Amino acid sequence: MSHHKIIIIGTGPAGYTAAIYASRANLAPLVFEGAQPGGQLTITTEVENFPGFREGIMGPALMDEMRAQAERFGTVIKAETVLKADLSATPRKLTTDRGEYTFDALVIATGASAKWMGIRKDEELSRTGGGVSACATCDGFFFRGKEIAVVGGGDTALEEATFLTKFASKVTLIHRRDRLRASKAMQERAMRNEKITFKWNAVVEDIVTRDQALPTGEIIPKVSVLKLKDTATGASEDLPVEGLFVAIGHQPNTSLFTGQLPMNEAGYLEVEPGSTRTPVPGVFACGDVQDHQYRQAVTAAGSGCMAAIDAERWLSENGLAE
Ligand code: NDP
């Protein structure tokens, strides 16, 4: 078991920025990259709103740069997933899929993941290229000239539906109620779009697939029909589509800390306003794991910087920085 002054969990913009600041402060941070190295930006295409790149930059390239920048100052990044955190042990301890590590300060930058409907096959088909996705910017391109559906009634669903009309011939927006949650401006924009049709009071109960042969000869299941149920009348309906985008919100990755750190109703970690401090001394949270409001790469990076500075101050105040 090795001991570290500071451990950072997560390698999105928040985790890498915390690592850059902590390593430049000579704290020799250890970073666990987790199940999705580079975080959510690795499944996006072009990032046009991260300052410093006037022509934009591809999401994976941006994350590669952040990683290299952290490593340049001595950050050690391990391809391990944290399975257990014990914040009440002395010293505090993390268990990963490869070993055990103790630490003085901890920065939690585990981010958030897209929510799935929880019906048979939606998440599975998203992983196997079966025509289900939670990211229009990543996958919209594959649906040129095709009929597709988007599930959800919030800003994300309407933004994704509108964006997808650049590619798809028709987009059906499926919402479980008869009123949208999205902002008025977003609603009006979507309603003006002739390619978008609204299916109100409807939920997807099942996804019917058909077998499709890939150029390699491999056969994979692809979305072909959505089995819809009317939430008001209970009536069933079939909707033939070639793609399904699920846009029903995000889930913060906080299960490691259940019962150890306070969370809001949606499971986001609570931090002291204006800081990254959790109520447990020496434990800090940054990025999407504590922010359901902004969820931007640049705000995540900003809070990663704050977490490293907060951690460094806490270590110094407790005589643990040297
Ligand atoms: P939201 O939580 O706002 O909306 C989620 C939507 O999905 C709701 O309409 C909800 O229905 C529906 N839903 C939830 N669970 C299910 C389910 N199991 N089956 C079917 N439908 C379901 O999430 P968003 O990702 O849309 O937005 C998150 C935040 O990000 C918001 O604050 C939003 O304003 C912001 N945002 C802002 C943007 C912008 O300003 N450009 C763009 C995108 C997001 P119901 O309404 O019935 O609860």
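Ligands are counted one by one from 1 in listed order, and the atoms in each one are counted from 1 as well. Bear in mind that the values here come from a model prediction, so they are computed numbers and not experimental data.
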Please classify the R295 to ligand 1 contact at 4.0 Å (heavy-atom distances, strictly less than): side chain, backbone, both or neither.
side chain

I'd like to know if the side chain of H3 pairs up with that of D104 as donor and acceptor (distance under 3.5 Å, no hydrogens or angles considered).
yes

One residue to check: Q293. Relative to ligand 1, which of side chain, backbone, both or neither has a non-hydrogen atom less than 4.0 Å away?
neither

Is any NZ, NE, NH1 or NH2 atom of the basic residue among K227 and E205 found under 4.0 Å from an Asp or Glu carboxylate oxygen of the other?
no

In the protein, what heavy atom is nearest to atom 9 (O) of ligand 1, and what distance, to one decimal place, separates them?
G153 N, 3.0 Å

Min heavy-atom dist K115 to ligand 1 below 4.0 Å
no

S113-N253 side chain donor-acceptor pair, cut-off 3.5 Å
yes

Give me the nearest non-hydrogen protein atom to atom 22 (C) of ligand 1 as residue plus atom name, then the distance to 0.1 Å.
I248 CG2, 3.4 Å

Atom 42 (C) of ligand 1: protein heavy atom closer than 4.0 Å?
yes

Heavy-atom closest pair, residues A202 and I174:
O-CG2, 3.4 Å

Of all the atoms in ligand 1, which lie at a distance below 4.0 Å from a heavy atom belonging to G249?
23 (O), 25 (O)

Return the residue, atom name and 0.1 Å-rounded distance of the protein heavy atom closest to atom 2 (O) of ligand 1.
R181 CD, 4.4 Å

For R24, the side-chain contact (heavy atoms from CB on, under 4.5 Å) test, sequence neighbours excluded, returns I20, F73

for atom 32 (O) of ligand 1, nearest protein heavy atom and its distance come out as H292 O, 4.7 Å

Are the charged groups of R67 and E33 less than 4.0 angstrom apart, N to O?
yes

Closest candidate by heavy atom, reference atom 10 (C) of ligand 1, pool M186, R177, R176
R176

Checking side-chain hydrogen bond (donor to acceptor under 3.5 Å, both in side chains) against D288, which of R295, Q40, H250 comes through?
Q40

Does NZ or CZ of R144 lie under 6.0 Å from the centre of the six-membered ring of F141, at an angle within 45° of the ring axis?
yes

Taking only heavy atoms of T156, which atoms of ligand 1 are found under 4.0 Å from at least one of them?
24 (P), 25 (O), 26 (O), 27 (O), 43 (C), 44 (C)

Mark whether atom 36 (N) of ligand 1 lies under 4.0 angstrom from at least one protein heavy atom.
yes

Starting from atom 34 (O) of ligand 1, what is the nearest protein heavy atom, named by residue and atom, and what distance separates them?
D155 OD2, 2.6 Å

Is G154 close to ligand 1, meaning an N/O of one under 3.5 Å from an N/O of the other?
yes

Is E100 salt-bridged to K93, cutoff N-O under 4.0 Å?
yes

